[in-house]
Q: 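Attaching a single structure in structure tokens format; questions to follow.
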Amino acid sequence: MYSVRDEQFEGPLDLLLSLIEKEKLDITQISLAKITGAYLEKIGEMTGESSEIADFLLIAAKLLYIKSKELIPGVETAEEEEEIADLEERLREYQAYKKAALHFDGMLSTLNRSFTKRGKPEVVTTFSPPKDLDSAGLFAIFSEVMNKAAEEIPEQTEIKTEKKVTLEERRTEILTHIKNSKKTSFRSILASSRTKSDVIVTFLAILEMIKQREIKVEQDANFADFTVSGLR
Amino acid sequence: MTTETKNPKSIIESLLFVAEKPISSKEIADATGVMVGEIQRHLKEIEEDFRERGIRLIRKGEYFSFVTAPENAKEVSLLLNEELRHDLSTAALETLAIIAYKQPLTRSEIEEIRGVNSDSIVRNLLIRGLIAEVGRKETVGKPIMYGTTMEFVQFFGLDKEENLPKLSELSLFEENTESQ
Amino acid sequence: MTTETKNPKSIIESLLFVAEKPISSKEIADATGVMVGEIQRHLKEIEEDFRERGIRLIRKGEYFSFVTAPENAKEVSLLLNEELRHDLSTAALETLAIIAYKQPLTRSEIEEIRGVNSDSIVRNLLIRGLIAEVGRKETVGKPIMYGTTMEFVQFFGLDKEENLPKLSELSLFEENTESQ
């Protein structure tokens, strides 16, 4: 059942959970740190709409925090700790519902289902029109219903027109940026980002590149801009 | 059809209950694989079992069906009239309007527009004599198509040209629903 | 309503049989003049009487309905020419499970749990009648709250929704459920 869905994850929680279950791990901070790499890799492969990927990126940021804590102890803040605890709790809850869904599927596969009576109404139908309604009123109701129905459709097509941004694309962009100017700042890299998810992708790309030792990041003072330079 | 723990009498009761019209032991045999002779034996037993209940088994020629016990007719009509006495809900009015202006159409076409299941509402409109089955759609499963009744058309004056919506008004909506 | 020779249990059975949609003991009381308490006692008895039959009494919340015995689904679907196998996606089942165990809840509460947009899935479940609007939440914007329906109870072949296993029990049986 899980193998079928491997290619298509329903969301970041679904992806996280499947990675944890694949490694036969419990839902803990340690497990989350362990699967961070695999998670980022999956995001790197994604080519969906940026609004959808943004959901995945928010979770990625949390994973990176956990990972960084493992590497550099003592950076925890109470607020972030709470967020991690919250993520674990959400994963556990989600896991419970996934199990319930699996059980539902099992119940339904027995094909035991009840049917209601199909017979025509036994009553002699008596024409009983609604009170206080004329043809104009009826048409007004019709127009309203059709408008409501029409409203629900365009939403989905709208999202699809958004620009797609993948981690890999952004990585290439940053590399060119550095090649051209040898050294650059974090701010100037971000300058081209238009949306919040763009910023997150860029940031993740930088983190990933640091990990791969493709770039080096330096900071002169707390809260100051970062200098980004190439290592290769 | 495997019948390891199958209870043929229970199956026959289910079929009688759910059938759209009276059914024969031949039809029951086709749906169950049980022999006609055995089915007739079960039918006799079912008739006995239900003799004192609010549901009865009746036979007309070769055909059997469940009906309500005749002595409860008064309460039955009271309940059904009660259902009729309530004015139409907003949901029912919406459904009625859709059928009036887009007929003939199937239940699932109505549901596609409304976004919610409309089974019981369609039944309610049928009982009220506002809509009726007007044919079958030539697609998979040949679903029933509904339209308004003659009484309805006359009552709302929809047979008069001036009460029909302008074609331009309608075509605007038409496109949207088609693209679903 | 005089009840000289009237048999209230039989009347209730007739009403359940003939009702166009699930009915409550309150509605039965209105149509019969019998007290709600007595009706509830009869309903309990009817449920017992029909336990082994092809017709069953099922309940969702305050509402009751006669339906076919779930184990006869195969023969019934054959007679009605209806597809029995469900085509709900894993995501739809997941959403349905969330609604079943946490109802009533809003769409954004569902999305909070699933971590993704669930608009089209909720819409699909609504059209299938497995869930319905059950009220509005008393917060900003008064968002719609959803819950399961009588169709849900039927779809899973249950007597009543309460017969679903507890969510906490389900998480204990890791592998067992898979082998079902």
Side-chain angles (χ1 to χ4, degrees), chain B residues 1-2 5-20 23 27-28 30-34 46 49-50 52-56 66-83 91 108 111-112 114-121 123-124 126-127 141-142, chain C residues 1 3 5-23 27-28 30-34 42 46 49-50 52-56 66-83 122-133 149-151:
Chain B
M1 199 136 308
T2 52
T5 52
K6 290 277 182 188
N7 176 347
K9 190 163 120 182
S10 163
I11 293 173
I12 294 167
E13 287 175 3
S14 287
L15 297 182
L16 285 165
F17 176 79
V18 88
E20 281 179 40
I23 51 173
E27 285 168 313
I28 296 172
D30 287 345
T32 58
V34 180
I46 293 169
D49 295 347
F50 281 86
E52 301 295 316
R53 307 216 73 99
I55 306 171
R56 301 281 159 80
F66 274 135
V67 295
T68 56
E71 65 271 26
N72 300 334
K74 200 168 134 197
E75 287 82 2
V76 165
S77 77
L78 212 60
L79 177 84
L80 294 173
N81 282 327
E82 184 58 35
E83 286 186 355
S108 64
E111 288 169 345
E112 194 52 49
R114 295 191 58 231
V116 287
N117 186 273
S118 306
D119 192 6
S120 63
I121 288 175
R123 285 177 76 87
N124 185 264
L126 280 170
I127 297 175
K142 302 217 171 209
Chain C
M1 198 138 310
T3 34
T5 53
K6 290 279 180 187
N7 176 349
K9 194 163 117 182
S10 162
I11 292 173
I12 294 169
E13 287 175 2
S14 288
L15 297 183
L16 284 164
F17 179 77
V18 88
E20 290 304 320
K21 47 183 194 292
I23 52 174
E27 286 165 328
I28 296 172
D30 288 345
T32 57
V34 179
H42 289 304
I46 294 170
D49 295 348
F50 281 85
E52 301 295 320
R53 308 217 71 100
I55 305 171
R56 299 282 161 80
F66 268 141
V67 295
T68 60
E71 64 271 24
N72 300 335
K74 213 163 139 190
E75 289 80 3
V76 171
S77 67
L78 204 66
L79 182 83
L80 295 177
N81 198 11
E82 272 182 33
E83 178 55 53
V122 166
R123 193 175 140 82
N124 181 262
L125 292 173
L126 278 171
I127 287 180
R128 304 186 58 131
L130 294 172
I131 63 166
E133 296 185 17
T149 59
M150 187 67 104
E151 275 99 328

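Letters go in sequence order (proteins before strands), and every chain restarts at 1.
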Q: For Asn72(B) and Leu15(C), indicate whether the former's side chain and the latter's backbone hold a donor-acceptor pair under 3.5 Å.
A: no
Q: Please identify each residue that fulfils salt bridge (Lys or Arg N to Asp or Glu O under 4.0 Å) with Arg128(C), with sequence neighbours left out.
A: Asp87(C)
Q: Please round to the nearest 0.5 Å and tell me the distance separating atom CZ of Arg123(C) and atom CD of Glu112(B).
A: 5.5 Å
Q: Holding to salt bridge (Lys or Arg N to Asp or Glu O under 4.0 Å), I want the full list of residues that pass it with Glu52(B), two or more places apart in sequence or in another chain.
A: none
Q: Do any N or O atoms from the side chain of Asn117(B) and from the backbone of Leu126(C) form a donor-acceptor pair under 3.5 angstrom?
A: no
Q: Between Glu71(B) and Lys6(C) (salt bridge meaning N to carboxylate O under 4.0 Å), is one present in this structure?
A: no
Q: Which value, rounded to the nearest 0.5 Å, describes the distance between Arg53(C) atom CZ and Ile55(B) atom CD1?
A: 10.0 Å
Q: If you count heavy-atom pairs under 4.5 Å with chain C, which of Ile28(B), Asp49(B), Asp119(B) comes out on top?
A: Asp49(B)
Q: Between CD of Glu75(C) and CD1 of Ile11(B), what distance do you get to the nearest 0.5 Å?
A: 3.5 Å
Q: Contact between Phe17(C) and Val76(B) at the side-chain level, heavy atoms closer than 4.5 Å - yes or no?
A: no
Q: Mind checking the OG-CE spacing from Ser120(B) to Met150(C)? Nearest 0.5 Å is all I need.
A: 11.5 Å
Q: Checking the side chain of Ser14(C) only, and the main-chain atoms of Gly54(B) only, is there a donor and an acceptor separated by less than 3.5 Å?
A: yes
Q: Name the region of Ala19(C), side chain, backbone, both or neither, that has any atom closer than 4.5 Å to a heavy atom of chain B.
A: both
Q: Which pair of non-hydrogen atoms, one from Ala31(B) and one from Leu78(C), has the smallest distance, and what is that distance?
A: O-CD2, 3.5 Å
Q: Once you round to the nearest 0.5 Å, how far does CD1 of Ile121(B) lie from NZ of Lys21(C)?
A: 9.5 Å
Q: Might you point out which heavy atoms bring Phe50(B) and Phe50(C) nearest each other, and give the distance in Å?
A: CE2-CE2, 3.7 Å
Q: Looking at every heavy atom in both Glu27(C) and Leu79(B), which two are closest together, and how far apart are they?
A: O-CD1, 4.3 Å
Q: Decide side chain to side chain contact (heavy atoms under 4.5 Å, CB included) for Val18(C) and Leu80(B); before the verdict, give the C-alpha distance in whole Å, the side-chain angles of both, and the deciding distance to 0.1 Å.
A: CA-CA 8 Å; Val18(C) 88; Leu80(B) 294 173; 4.1 Å; yes
